[in-house]
Structures are given as structure tokens and as C-alpha cells.
Amino acid sequence: MTQDSSKKPMDAIMALCKRRGFIYQASEIYGGINGFWDYGPMGAQLKKNLRDAWWQDMILRPCWGRNGPNGKPVRNVGLETCIIQHPKVWEASGHLAGFADPMRKCAGCGHFVRADQLWDTIVTASEWFASVIQEFDPAPEGTQTPRLNAERLMKWARTKGKRLAPNLALVRNPEVTLSWLVTRVNGQPESPPEIIEIVRHLATEQLNVTGLQDPCPRCGAVLGEPAPFKLMFETFAGLTQTEDNKVYLRPETAQGVFVQFKNVADTTRIKMPFGIGNTGRSFRNEITPRNFTFRSREFEQAELEFFCHPDESLDWYKFWRDFRMEWWKEIGLAGENLILREHEKDELSHYSQGTSDVEYRFPFTSPGFGELEGIAHRGNYDLTQHQKVSGAKLDFFDTDRGEILPNGGKKGERYLPHCIEPAAGLDRGALALICEGYTRDDSRASPEFLKLHPRIAPVKAAVFPLVAKDGMPEVAEKLHAELSDKFWKLGGVEMDEKQSIGKRYARMDEIGTPFCITIDGDTMAVQTVTVRDRDTATQQKVSLDKVGAFLSEKLGV
RNA sequence: GCGGGUGUAGCUCAGUGGUAGAGCGUCAGCCUUCCAAGCUGAAUGUCGGGGGUUCAAAUCCCCUCGCCCGCUCCA
């Protein structure tokens, strides 16, 4: 039973991350830079362990060697693609269009509105619009447009309007604003204004100077001109910073995989179904980077694009969804703070037959959850798009399918594979593991500690001489050398003889070291050491010459 | 982007116009036979940054940056 993460103070977790070298603010001595974080020595190792665990369990030995829904071992290969791709990649994927919606900024309250959804938003979601529309008299028989009632509008402007739409022209200067509107209505009785035109009038004070204006759905102030809202980072490949040389930092690693799908299929003898995994940095100009490292502008993803025959795709989708959930549990997020959430139909992309999120209840999202990984059924959307935009043929000739030929072989089938995409956020994963592991127990001598899974812990073990005399440091030194030789590839093995034993335990508890090995009087007499367990603070005796084997077993190697 | 809060040592924070502090941590020495123990000593500050007011600014004013919370946004 894990502790509810909402009870964990985020401040204390952030302080520990800084204090013990897990996470630092990027460019801190310059005042920091919004949306960017660095990892200290402990954090770098933790994140590497997480990335390695993913690579091992997804690429080197997919799904711990278990079979997929087709009854055969899961086959995945690795790939490493560039952060900067040909600009057309983002055109094909839809990011260029989708990431650059024209937005209009409100001059009054700073609110951003999507230009193409402005009127929809005003009619359905604007509080002041909902209020002011009631001040019109009902539309006369046979017409759509409600009738203007200047008196009621004037009253609204002086009462409710002041509260709901303080920056609306009608509220700021009702006489002038209304006079323009009345002039319009009376001037062209044969074509009464539609509702949109009326509302634009309400937002316009100096019609002859500015023309009709559009109001902010929130405060009524005049909206600025539509401007592209760029969520992709741009830079230039080439010395001249011209439009021709403009390139983008990738907002996701997946597209690199789709673009190289054909090469991988053609050059590795791998057979359908199979996955291609890619880890690496991605960049998004988040509107509001917040919540520590949760929403960073530079972040790392671990994505698998799993390709299969369309007929099998739903089975694979379910398989990956369930396995990824199991995987996060295995490395330490077992408990109520982790959920698998299947997207509702209306949340799905038009091409998707299913998407699930693995979500963690972070202290700062609690009682809600934040996304750790999304598992999406992408159909053949991406390959279709790249095929269309690049002109390359990306379909796959599957020799395991088709009718059986007289010679016993199969005829084969050509198709555009479907893709299941489990896409994990490594920084979010690292943060979740730290939050989940963070524990405070005031009854302990070392109240704060990180319950990290041994596979994830940056330091695997520490060796202490109980006291720095009587030959203990020498024995400890020797044991430390032996254990380092054996386990250095997994992470640190530390040795510490300074200060009291309690402080040394406490330090190791805070960085989540699962085992501390103490050389004591018994070591000198009967060749045993004391192994202390981080989570329970209990101790057990182990033979000096069995410590390596003991740790091997505990660390699962 | 708006609103609220906040920023002083590695961490937590005190310091409201007059010599920059405490606790913890860190480091060194002594002591110490299992849990941040004790003793002695030491190091560590652009008081987030810039400008202004003042004889004098961590403190007052303006601008700016970061972080946290609530909105908003989240392809």
C-alpha cells in the first residue's frame, strides 16, 4: 500500500532534489530560464537508469521475453533519429499546421483566443454575451435577428455589463457605441444586422476610425489581429537565416521513426509485426511551463512505434496498453497513484481507434492525475501522410500472409501497416518515481527517504566502516573495490567513513540507496557484515565473502 | 496572459531604512562499536537581476526574471 501522493509536500520534494543533486534549475546563476531544468549527478543517473530500463525491456528483451497476442515473441528494434528533420516532415505530420493556430490576443486581459473559433467561443462560452443577449427583444415573426432595445442595453451597460465585460465598448462608452448601432439599424431597415454584426458593434467605439471590432469573450475588450501561435521551436540550418533555411526542433520523436520505417524494414530482415523504439529530446513551446519538471519546454521521450497488420492492430493496442501499465508498476509506481485511463470517444483523434494514458497522481495534480505515457492506436495515419507528402512508397510486403502457393510458400500481402504508439515521458517518469519514492516518517532517525526501486536508484549500495579505526576502513576499502568492480555498470557503489554512522545512513536514505553495508566488530571477529535495508531500517548479518552474491540477488542481476 | 504568493548561505527561514543572521547541512580535527549523537573549529552571500529615492536600501519606489498556487492554455 503506497502513501497517497497528495499528502506529500511538493516543496519538500523539490528541496530534496536540489539538496542532493537530483534536479537543478537550468541556468540558475543567470536567474533561471522558464521551462528548462537540469539534472544533477543523482538525477542524471536516475534518469539514465530509467531510460536503460525502458531500452532493455522494450528493445533488448521486449516485454521481458513474453509473447505478443499473435503467440510469438515480441520483436522490437532501436533507432536514433535527428532532432532536426526535413521541414516537410512536420508539414506531413500535421504539426506545422496544428502547432501554429492563429491566435488573437486580448488587449484588455491578455487572454488568447483561437481566431477560427472566436465566434463559436463567444456564443457558447462567453458569460457577458450570454447576459447581454437577453436584453434584446425577441426576434419578430419570420426573422432570425432579435430586436434592439436601446434602453435595456444602456441599463445593462451600467449594471451587469460593468461586472461581466468591463472592457466592452458598450460598457465603457454606452452612448456613442449605441448611437452607431442605432444608426446602422435605422439606416438600412431592409437588411437588419445579424447577431455577429450586432456584437461587433457592441465592441466598437470609434466605428469611423477603426471599423468594426471583435470583442474578447472574457472581458469584452478589443481583440488584436490574428497572429500565428508557434508551439514548435524554430531555427535555421545554414548560415543565412532565410525562410528557405528554416527548420524546426522536433516536438516528438515519433516522426523520425515513421520517416525511417522503410529503411528499417528493408535493411534489418525484421518481419511484421515489429516495433521501432527511439528515445531522445523533444521541444515544445508550452504556453505555461509549470509544475517543476512536469511541463518542460525541452524534455525526453521514449517512444515505440509498433507496426502490424490492420486486422491485428486492436489486439496489439490492448497488449501494449496493458504491458506499459504493468511496466511502470514493475519499476516502482505500484499503487493507487497510478491509473490507466482510456480516452473517451470524443477525445480521440479522428484517425485513432483508441488511446489510453498511463497517469500518475503527482502531489501537484492531486486529486487529479498527470500523463506519464500515452498509448495511441494511430492507424496508418502517419505512414499515409508521409507517403502522400514525400511521394515514397511506404507499404510493406508481408511474406507471411496471403494464400498458400503450390510450392508451399505464401503468396504474400502488400499493405500499409497500422501503428500502435506507446510514448512515455522520461522526465515525467523520473519525477513520478521521485514523488512516489519520497517518504517522510518522523519516527525514524532519518525521517526523509526515497524508496526507489533498486533498478532505478542512482547509488546501489554504500560501504561504511562502523568506526574509522581498528582496521575497519581497510576492510571496507577492499569490499568497496570488490563491489564497485562487480556493479559499476548499474550505478554507483559508495564508500563513506566520515562522521557518525547515523548521518551516513541518513544521507544514503535521501538519495534512495537501497542497501548500506557496515563493517563492524563482528566483521573483524567472524567475517560478517551488517546489511541495512533502506525502507525498513532493519539489519541482517551477511558473510563478508557473500556480500557480492547477496547484492546480485537483490539487484536482480 | 491574468490574479495571488514568493525570492536572503547547499536546505529551511528570521531580519520593515543604520555593521547581513539562525538552525540544519557541508568540511576539518577529536571522540564514537549502528541510526542526522557529542565537543572544537572552519568555509560558504551578485540579499533573484537592473534602475531610482536616500547621508545610508535586504528593507521604500519603478522595471524585469525565476519559482509556487488559482484561472487560462495544453496541437
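Each chain gets a letter, A, B and so on, in the order its sequence line appears, and its residues count up from 1.
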In whole angstrom, give the distance that lies between atom [atom1] of [X] and atom [atom2] of [N].
X	N	atom1	atom2	value
R295(A)	C68(B)	CZ	P	12 Å
D11(A)	G7(B)	CG	P	13 Å
K541(A)	C34(B)	NZ	P	10 Å
D357(A)	C74(B)	CG	P	16 Å
Q540(A)	C34(B)	CD	C1'	15 Å
Y438(A)	C11(B)	OH	C1'	12 Å
F369(A)	C74(B)	CZ	P	22 Å
I23(A)	G10(B)	CD1	C1'	16 Å

- Task: Quick one: do D357(A) and R341(A) satisfy salt bridge (charged side-chain N to carboxylate O under 4.0 Å, His left out)? Show the steps, please.
- Result: CA-CA 5 Å; D357(A) 286 346; R341(A) 189 179 68 85; 3.5 Å; yes
Could you measure between the two [atom1] atoms, the one in [N] and the one in [M], and give it in whole Å?
N	M	atom1	value
G52(B)	A9(B)	P	25 Å
A56(B)	A20(B)	C1'	15 Å
G45(B)	U12(B)	C1'	16 Å

Is the distance between the ring centroids of [X] and [Y] less than 6.0 Å?
X	Y	answer
F292(A)	F364(A)	no
F294(A)	F362(A)	yes
F233(A)	Y248(A)	no

Base, sugar-phosphate, or nothing for [X], non-hydrogen atoms under 4.0 angstrom?
X	value
G370(A)	nothing
F292(A)	sugar-phosphate
M472(A)	base

Contact check, residues 520-530 of chain A vs RNA chain B, heavy-atom distance under 4.0 Å, returns D520(A), G521(A), T530(A)
Applying salt bridge (charged side-chain N to carboxylate O under 4.0 Å, His left out), run through K246(A) and E243(A) and close with a yes or a no.
CA-CA 5 Å; K246(A) 193 195 276 182; E243(A) 197 64 14; 3.1 Å; yes
Does K18(A) place a side-chain N or O at less than 4.0 Å from the phosphate oxygens OP1/OP2 of G10(B)? no
task: Examine C69(B): is either OP1 or OP2 under 4.0 Å from a nitrogen or oxygen in the side chain of N291(A)? Give yes or no.
output: yes
If pairing means Watson-Crick or G-U wobble with both distances under 3.5 Å, then the partner of C71(B) is G1(B)
Across every strand shown, the nucleotide meeting Watson-Crick or G-U wobble geometry with C39(B) (both distances under 3.5 Å) is G29(B)
For nucleotides 41-52 of chain B, give me every protein contact, N/O to N/O, under 3.5 Å, one pair per line with atom names.
{"residue": "U46(B)", "atom": "O4", "partner": "I29(A)", "partner atom": "O", "Å": "2.4"}

Under 3.5 Å, N/O pairs linking protein and nucleotides 35-37 of chain B:
{"residue": "C35(B)", "atom": "N3", "partner": "R532(A)", "partner atom": "NE", "Å": "2.7"}
{"residue": "C35(B)", "atom": "N4", "partner": "R532(A)", "partner atom": "NE", "Å": "3.2"}
{"residue": "C35(B)", "atom": "N4", "partner": "A537(A)", "partner atom": "O", "Å": "2.9"}
{"residue": "C35(B)", "atom": "N4", "partner": "Q539(A)", "partner atom": "NE2", "Å": "3.1"}
{"residue": "A36(B)", "atom": "N6", "partner": "E510(A)", "partner atom": "OE2", "Å": "2.2"}
{"residue": "A36(B)", "atom": "N1", "partner": "R20(A)", "partner atom": "NH2", "Å": "3.4"}
{"residue": "A37(B)", "atom": "OP2", "partner": "K503(A)", "partner atom": "NZ", "Å": "3.3"}

